[in-house]
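For this chain, numbers begin at 1 and follow the sequence in order. Given the structure is predicted, the values throughout are model-derived calculations rather than measurements.
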Amino acid sequence: MFTDDGEGSKSVEIKYGPSGNVSLEVFDGVVALNAYKCESLSSYREDCSTCHFLNQSKGYECQWCQNTGCVDVDNNQCSQADTCGGPTVTKISPTDGPPEGGTEVTIEGFNFGIKSDVTVTIAGVQCENVTFVGRRMRCITLSKSFDSPEKSEESGQVVVTVDGMNSSDDIQFTYKVPKITGISPTQGILSGGRTIHLSGNNLNIGNMEYAVTLTNVDLVKSQVPLECTLIKALSVRGNITCIHTRALDLGMYKLKVNFDTSTEVDSNLLFEYLPDPIITSTEPAELKSIGSGGTTFKVIGEGFIAIDNLTVGFVDSEERGSGCRILTQTKLECTYPSNKESEKLRKEEGTRSNIAIYLDGFSHTFTSSVLYVDDPLFAAFNDTCNTTYNFNPRLEDSIKLVGKKNLTSATELKDYLVFVGR
């Protein structure tokens, strides 16, 4: 209960008990209070170690009784406080990892101890750097030797030992050997930016912490590994996905993947860096579009291969309002982006804007800026002033639309599609 006497003096009265009518103490001024209930300290009824941990580390006045669990030291139902029994493991995550170790394993259970002598073994190998709070424990796996070089995986029990007492639960961890068998695509440009998919066996294991690198096979060239930036959200279902980065040298690069910091997997798979595209011109040379964009123009050059993401956008803008498609290795067809923002500034002669093309990690700003004009405007049907027209297909084979302005200033006949009906 909080009271204020109106003269700046405040007090807090704490009451407890089944009916909340037992006064605990009265504090004047600012107070920090930590209220607790011993019976609620252990989220799992059999977790003796949590009760003792909070008792010793926080100064709580609780004790553990075998029949009643964590109770107040003054509880008359507990004739004698008990020590904790042996540890119990209920769950681990992840359930697998590479045999070279380096995987952080989270172990859940109870009676893991507090400051006791605690060790963890996974499939007979000690797990290092053990840390824990309450029912959760973490440790890092060490290297596991298989009894046969032909084995690709081996399982074993997770055992927690506290003060000489071992857990006996059948919780298994599996060491798995990762193997990379495929890479797609196998080429990309020097500027990088292409998405690479790696496939194989036992790739999505452990903490799924990957480091993918590419190194030039030509020993005369730089041997500094190039990072392939991981896309973790797509690295599932047996795949690892990354985006290759910019390189200085052309040629073939060997692939290496590091799993959970300790496991390096070399493969015989190669990735080739190709020259960046070269842009020479556009068709038409004078770029022109309506404000809404959507019409097309051609980009002429060479090296239009090994590219996935082809977009066009305004210079100094991160928005990529339109795309391109590859017609041949020397020609692209691209769509003008919408430039509605310039309508208020546009005069009769139009507004010019600079655009650039983006091909994976490569970009090029066109020499010719784009002349943007207002969208086409239609006035009526046929040579009348009517905006509604009743079409009789038995008497007529076409409909004539009368334009008001800009019908051909930035568009051609192929740019128009007319729909009749709802």
I'd like to know if the side chain of [X] reaches the main chain of [Y], judged simply by a donor and an acceptor atom lying under 3.5 Å from each other, with no hydrogens or angles considered.
| X | Y | result |
| --- | --- | --- |
| Gln223 | Asn216 | yes |
| Asp360 | Asp308 | yes |
| Tyr210 | Leu203 | yes |
| Arg138 | Val130 | no |
| Asp276 | Leu190 | yes |
| Ser363 | Ile357 | no |
| Tyr336 | Lys288 | yes |
| His244 | Cys228 | no |
| Thr213 | Pro225 | no |
| Ser167 | Val160 | yes |

Tell me whether Cys62 and Cys70 have SG atoms closer together than 2.5 Å.
no
Over 12 non-hydrogen atoms of neighbours within 6.0 angstrom of NZ in Lys91
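Count not over threshold, so no.
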Got a sec: does the NZ of Lys254 have more than 12 other heavy atoms crowding it under 6.0 Å?
no
With sequence neighbours left out, the residues meeting side chain to side chain contact (heavy atoms under 4.5 Å, CB included) with Lys298 are Glu283, Ile300, Leu327, Lys331, Glu333
Anything under 30° is parallel, anything over 60° is perpendicular, the rest tilted; go ahead and classify Phe366 against Phe297.
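Answer is perpendicular, since the angle exceeds 60°.
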Side chains of [X] and [Y]: do they bring a donor and an acceptor to under 3.5 Å?
| X | Y | result |
| --- | --- | --- |
| Asn111 | Thr88 | no |
| Ser322 | Thr335 | no |
| Tyr253 | Asp218 | no |
| Thr103 | Asp260 | yes |
| Ser191 | Arg246 | yes |

Give me each pair satisfying salt bridge (Lys or Arg N to Asp or Glu O under 4.0 Å) with a member in residues 222-241, each pair once, sequence neighbours excluded.
Glu209-Lys232
Report the C-alpha distance between Glu286 and Arg352 in whole Å, list the side-chain angles of each, state the deciding distance to 0.1 Å, and finish with yes or no for salt bridge (Lys or Arg N to Asp or Glu O under 4.0 Å).
CA-CA 11 Å; Glu286 181 69 23; Arg352 290 195 172 273; 2.6 Å; yes
Would you please indicate yes or no on a ring centroid separation below 6.0 angstrom for Phe112 and Phe110?
no
Derivation and outcome, side chain to side chain donor-acceptor pair (under 3.5 Å), residues His197 and Ser184
CA-CA 5 Å; His197 303 279; Ser184 178; over 6 Å; no
Going by heavy atoms in the side chains, are Glu302 and Ile279 under 4.5 Å from each other?
no
With heavy-atom distances below 4.5 Å as the criterion, would you say the side chains of Tyr175 and Thr141 are in contact?
yes
Working to the nearest 0.5 angstrom, can you tell me the gap between Ile107 CD1 and Asp169 CG?
11.0 Å
CD1/Ile355 to NE2/His364 distance, rounded to the nearest 0.5 angstrom?
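NE2 of His364 is found 10.0 Å from CD1 of Ile355.
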Would Thr245 and Thr229 count as a side-chain contact (heavy atoms from CB on, under 4.5 Å) if you check the C-alpha gap in whole Å, the side-chain angles of each, and the deciding distance to 0.1 Å?
CA-CA 7 Å; Thr245 52; Thr229 306; 3.7 Å; yes
